[in-house]
Amino acid sequence: MAGGCSGPGGLFRAGADWISGAAGHDAGSVLMDAVSLIRSGQETETPWRFRLDELGWRDMVTALGQDTLPFAGLWCDGADVHALFMPSPTQPLAATLALENGRYPALSPARAVSSLYERMAYDLYGVEAMWAVDVRPLVDHEVWSATAPLDASPGLAGGRKGQISFQPSETLLAAGGVTGGVGPATGGTETSLHVAMAVSGETIVAAETVSGYAHRGLAARWRNSRLEDACRLSGRVVAGCSVAHQAAFSQAVEAACGSKVGPETALIRVVLMELERILLHLHTLAGLARGAGALLVASRCAWFREKLLALSAPVIGSRLLMDHCVPGGTRLREATGLGDLCTSLAKLGDEIYPGLATLWQTYPALSVRLSGVGPVDAALLDRVGLDGPVARAAGRDCDGRRTQRVYQSLWRLTAGRQGGTAEDRALILLDEIGESLRMLGEAGPRLGLTAGGRVDLSPDAGEGLGMAEGPWGTVLYWVRLHAGRVAQVFVHDPAPAALMVFEAALPGQDLADLGLLRQSLGVNAAALDG
């Protein structure tokens, strides 16, 4: 998250009492730090969310320019704009500002990654971020059936049916304009993210991305949805990260309802998240190895992944791990057999993982091929707020699992790499697979025959936050309930920050390395497009 690399964990209820208003502070004083400015605002029904006036919001933006307060996201609900921060890994803090004539002062001059959220808010609601650093469309490229579709009065349809328009930035134009591109419009099997580039020979001089191809209207589909439908939708935000998203969503709903699941249910969710981490990391490593020409390593990763899936699917109930974390508990096919499954998975890991790790580290030229790809500066990661394995590969010790009580006796791994290259990122993923297998082995004997149980929820009205450490970093959900339904959802995923790191790392890279760089950073167009 922008402004820092603390990996948050746990959940936060609209009703917690850790924050009190900072009475007596002058909200207009730019000498105050950002946290004090926010807390000096008007209290709301959610004790960690404060309402500011426009001057207070502007002062907050000014203070953020000199403050390291981690930024977690910005969103609009049609009447207000909200900005979420994390003063510590377990303490959320949000600022709310009423829109005035559909406008608000932008956060992007102080938090660069917020420009992606501002552009999304404009595309969906038509609200304008004044003094924003980037006002280009993010997902609406004038091909929708209406503009500002979530506004109370949507606008007319765009004028370019069937053809996405692209506006190069001044930086790209200064580098020579668009002379090459890779993406869904180029006829290959690339991801649904277009990369427009200025190229000199085989070297990328400047580049920027065009997103929106994978937009599914998630914000609209969450509005006024039933809990079970909203949870199901959260599991489809990012392929391969369903457990992390549904666990965070479920925690947010439980927090909004003032409820909390028991320790065994929490441990079952941990088992599912660690299995998901192993499976996605193996998939990523297989892709990296294949792209680097190490086909034997790629096939070994894929084979190991398939062996794990063959063991786990009959007990859990699916190969995709979707819809097993639900508000109030978990849902598995053979929940009472989960402990034995963990033991079996750990045993399989003991048999296969050491050989895979050795093969990866000794395979001829694999290390050399990846070592020069996409070195990422730790300062860039701090500036955009990207955590997860990408940050840990650059020497940042940020893992949300350290802050979650259920992980306290399981989690041990800390950052051990410093270089920040694709090779470092691959080795971090490899290390994390081994650690997750160990955690599964330790969790198995702790799972009894109760299958965790379920907590009855009373989803009337309220707000809650929930977070999980997903395979690529922090996943956060803010959920507002009203009349027993989900009124609105905001999702923080590593995708926006990963995209900014990807764009910053492209200049100077060889064209042939673009796919390796994207995979090693975990760039995901679907998570970004929403």
A.B. asks: Is it true that a side-chain atom of Gln509 and a backbone atom of Val373 form a donor plus acceptor pair closer than 3.5 Å?
C.D. replies: no
A.B. asks: Of all residues at least two apart in sequence or in a different chain, which pass the ring pair (Phe, Tyr, Trp, His ring centres under 6.0 Å) check with Trp360?
C.D. replies: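 With sequence neighbours excluded, Trp360 shows a ring pair (Phe, Tyr, Trp, His ring centres under 6.0 Å) to no residue whatsoever.
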A.B. asks: Tell me which pairs pass salt bridge (charged side-chain N to carboxylate O under 4.0 Å, His left out) where either residue lies in residues 353-372, with sequence neighbours left out.
C.D. replies: Arg369-Asp513
A.B. asks: I would like to know whether Ser409 and Arg446 meet side-chain hydrogen bond (donor to acceptor under 3.5 Å, both in side chains); could you show each step before the answer?
C.D. replies: CA-CA 11 Å; Ser409 60; Arg446 306 181 192 182; 2.7 Å; yes
A.B. asks: May I ask you to test the His194-Tyr213 pair for a side-chain heavy-atom distance under 4.5 Å?
C.D. replies: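 With C-beta onward as the side chain, the pair touches.
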A.B. asks: Assess the side chains of Asp493 and His245: does a donor N or O sit below 3.5 Å from an acceptor N or O?
C.D. replies: yes
A.B. asks: If the threshold is 4.0 Å, N to carboxylate O, is there a salt bridge linking Arg226 and Asp229?
C.D. replies: yes
A.B. asks: Any chance you could lay out the salt bridge (Lys or Arg N to Asp or Glu O under 4.0 Å) test for Arg480 and Asp77, step after step, and finish with the verdict?
C.D. replies: CA-CA 11 Å; Arg480 174 181 287 162; Asp77 60 15; 3.4 Å; yes
A.B. asks: Test Arg111 against every option in Leu74, Val384, Leu69 by the side-chain contact (heavy atoms from CB on, under 4.5 Å) rule and name the one that passes.
C.D. replies: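 Only one option passes, and that is Leu69.
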A.B. asks: Apply side-chain contact (heavy atoms from CB on, under 4.5 Å) to residues Arg216 and Arg221 and explain how you reach the verdict.
C.D. replies: CA-CA 9 Å; Arg216 294 151 290 166; Arg221 295 167 68 184; 4.1 Å; yes
A.B. asks: List the steps and the verdict of salt bridge (Lys or Arg N to Asp or Glu O under 4.0 Å) for Arg402 and Asp397.
C.D. replies: CA-CA 10 Å; Arg402 71 162 71 251; Asp397 189 3; 2.7 Å; yes
A.B. asks: May I ask you to decide if Arg232's main-chain N or O and Arg236's side chain share a donor-acceptor pair within less than 3.5 Å?
C.D. replies: yes
A.B. asks: Side-chain contact test, heavy atoms from C-beta onward, threshold under 4.5 Å: evaluate it for Trp472 versus Pro389 and give yes or no.
C.D. replies: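 The answer is yes; the side chains approach within 4.5 Å.
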A.B. asks: Does Asp399 come within less than 4.0 Å of Arg392, counting only side-chain N to carboxylate O?
C.D. replies: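 Counted as a salt bridge, because a side-chain N and a carboxylate O are separated by less than 4.0 Å.
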A.B. asks: To check you understand the geometry: which heavy-atom pair defines the closest contact between Pro471 and Gly240, and what is its length?
C.D. replies: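 Shortest heavy-atom separation between Pro471 and Gly240 comes out as CG-O, 4.2 Å.
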A.B. asks: Is the backbone of Leu138 close enough, under 3.5 Å, to the side chain of Asp123 for a donor and an acceptor to pair up by distance?
C.D. replies: yes
A.B. asks: Please give me the minimum heavy-atom distance between Ser211 and Leu528, naming the atom from each residue.
C.D. replies: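 The answer is CB-CD2, 3.7 Å.
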A.B. asks: Is the distance between the ring centroids of Tyr477 and His492 under 6.0 Å?
C.D. replies: no
A.B. asks: Got a second to check how far Leu430's CG is from Arg425's CZ, nearest 0.5 Å?
C.D. replies: 15.0 Å
A.B. asks: When you measure from the side chain of Arg277 to the backbone N and O of Gly470, does any donor-acceptor pair fall under 3.5 Å?
C.D. replies: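 Pair found, side chain donor or acceptor close to backbone of Gly470.
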A.B. asks: Grab the two heavy atoms, one from Gly444 and one from Thr343, that are nearest each other, plus how far apart they are.
C.D. replies: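 That would be CA-OG1, 4.4 Å.
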A.B. asks: Looking at side-chain heavy atoms only, is the closest gap between Pro327 and Phe249 below 4.5 Å?
C.D. replies: yes
A.B. asks: I'd like to know if the side chain of His215 reaches the main chain of Gly530, judged simply by a donor and an acceptor atom lying under 3.5 Å from each other, with no hydrogens or angles considered.
C.D. replies: yes
A.B. asks: Do side-chain atoms of Ser250 reach the backbone of Ala247 as a donor and acceptor pair under 3.5 angstrom?
C.D. replies: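 No, the answer is negative, given that no donor and acceptor are paired below the 3.5 Å cut-off.
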A.B. asks: Check the pair Val491, Trp222 against side-chain contact (heavy atoms from CB on, under 4.5 Å), reporting the backbone distance first and the verdict last.
C.D. replies: CA-CA 11 Å; Val491 183; Trp222 266 313; 3.6 Å; yes
A.B. asks: Do you know which two heavy atoms are closest between Met120 and Asp529, and how far apart they sit?
C.D. replies: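 Looking at all heavy atoms of both residues, the shortest contact is CE-O, 3.3 Å.
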A.B. asks: What I want to check is whether the side chains of Glu463 and Trp478 have a donor and an acceptor closer together than 3.5 Å.
C.D. replies: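 Note: Glu463 and Trp478 side chains meet the donor-acceptor criterion.
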A.B. asks: Which is it for His324 and Gln246 under the side-chain hydrogen bond (donor to acceptor under 3.5 Å, both in side chains) test, yes or no, and what are the steps along the way?
C.D. replies: CA-CA 8 Å; His324 302 301; Gln246 291 187 313; over 6 Å; no
A.B. asks: Determine whether a donor-acceptor pair (N or O, by modelled atom type, separation under 3.5 Å) exists between the side chain of Ser318 and the backbone of Leu321.
C.D. replies: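 Such a contact is found between Ser318 side chain and Leu321 backbone.
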A.B. asks: Would you sort out whether Phe490 and Trp75 count as a ring pair (Phe, Tyr, Trp, His ring centres under 6.0 Å), showing the intermediate values?
C.D. replies: CA-CA 7 Å; Phe490 166 75; Trp75 70 97; 4.3 Å; yes
A.B. asks: Can you list the steps and then say if Glu435 with Arg401 is a salt bridge (Lys or Arg N to Asp or Glu O under 4.0 Å)?
C.D. replies: CA-CA 12 Å; Glu435 278 294 291; Arg401 292 173 289 181; over 6 Å; no
A.B. asks: Arg269 and salt bridge (charged side-chain N to carboxylate O under 4.0 Å, His left out): which single residue from Glu469, Glu254, Glu274 fits?
C.D. replies: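 In the set Glu469, Glu254, Glu274, the residue that makes a salt bridge (charged side-chain N to carboxylate O under 4.0 Å, His left out) with Arg269 is Glu254.
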A.B. asks: In Å and rounded to the nearest 0.5 Å, what is the CZ to CG distance from Arg290 to Leu296?
C.D. replies: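 Nearest 0.5 Å value for the CZ-CG distance: 12.5 Å.
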A.B. asks: Using a 4.5 Å cut-off on heavy atoms from C-beta on, say whether the side chain of Asp431 contacts that of Arg417.
C.D. replies: yes
A.B. asks: Once you round to the nearest 0.5 Å, how far does CG of Leu308 lie from CD1 of Ile433?
C.D. replies: 9.0 Å
A.B. asks: Does His82 NE2 have over 12 foreign heavy atoms under 6.0 Å away?
C.D. replies: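 Enclosed: over 12 neighbouring heavy atoms sit under 6.0 Å from NE2 of His82.
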A.B. asks: Could you tell me if the side chain of Ile316 sits less than 4.5 Å from the side chain of Leu341, heavy atoms only?
C.D. replies: yes
A.B. asks: Heavy atoms, side chains only, cut-off 4.5 Å: are Ser242 and Leu320 in contact?
C.D. replies: no
A.B. asks: Shortest non-hydrogen contact from Thr474 to Met467?
C.D. replies: CG2-SD, 4.3 Å
A.B. asks: Look up atom CZ in Phe502 and atom CG in Leu386, then write down how far apart they are to the nearest 0.5 Å.
C.D. replies: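 Answer rounded to 0.5 Å: 13.5 Å.
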A.B. asks: If every non-hydrogen atom of Gly441 is compared with every non-hydrogen atom of Ala346, which pair is closest and at what distance?
C.D. replies: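 Gly441 and Ala346 have their closest heavy atoms at CA-CB, 3.5 Å.
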A.B. asks: Are the side chains of Arg319 and Glu306 in touch, meaning some heavy atoms are under 4.5 Å apart?
C.D. replies: yes
A.B. asks: One pair to check against side-chain contact (heavy atoms from CB on, under 4.5 Å): Val376 and Leu521. What are the steps and the verdict?
C.D. replies: CA-CA 10 Å; Val376 173; Leu521 292 173; 4.0 Å; yes
A.B. asks: Just how far is it from atom CG of Leu345 to atom CG of Leu440, taken to the nearest 0.5 Å?
C.D. replies: 6.0 Å
A.B. asks: Between the side chain of Arg305 and the main-chain N/O of Arg300, is any donor-acceptor distance below 3.5 Å?
C.D. replies: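 Between the backbone of Arg300 and the side chain of Arg305 there is no qualifying donor-acceptor contact (under 3.5 Å).
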A.B. asks: Are Pro314 and Glu334 packed together at the side-chain level, in the sense that at least one heavy-atom pair is separated by less than 4.5 angstrom?
C.D. replies: no
A.B. asks: Once rounded to the nearest 0.5 Å, what's the spacing between atom CG of Leu370 and atom CG of Leu516?
C.D. replies: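 One gets 6.0 Å once the value is rounded to the nearest 0.5 Å.
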A.B. asks: Checking the side chain of Arg485 only, and the main-chain atoms of Asn224 only, is there a donor and an acceptor separated by less than 3.5 Å?
C.D. replies: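 Pair found, side chain donor or acceptor close to backbone of Asn224.
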A.B. asks: Do side-chain atoms of Asp424 reach the backbone of Thr421 as a donor and acceptor pair under 3.5 angstrom?
C.D. replies: yes
A.B. asks: When you look at Asp382 and Arg396, which way does the side-chain contact (heavy atoms from CB on, under 4.5 Å) test go after all the steps?
C.D. replies: CA-CA 9 Å; Asp382 290 345; Arg396 290 295 185 258; 2.7 Å; yes
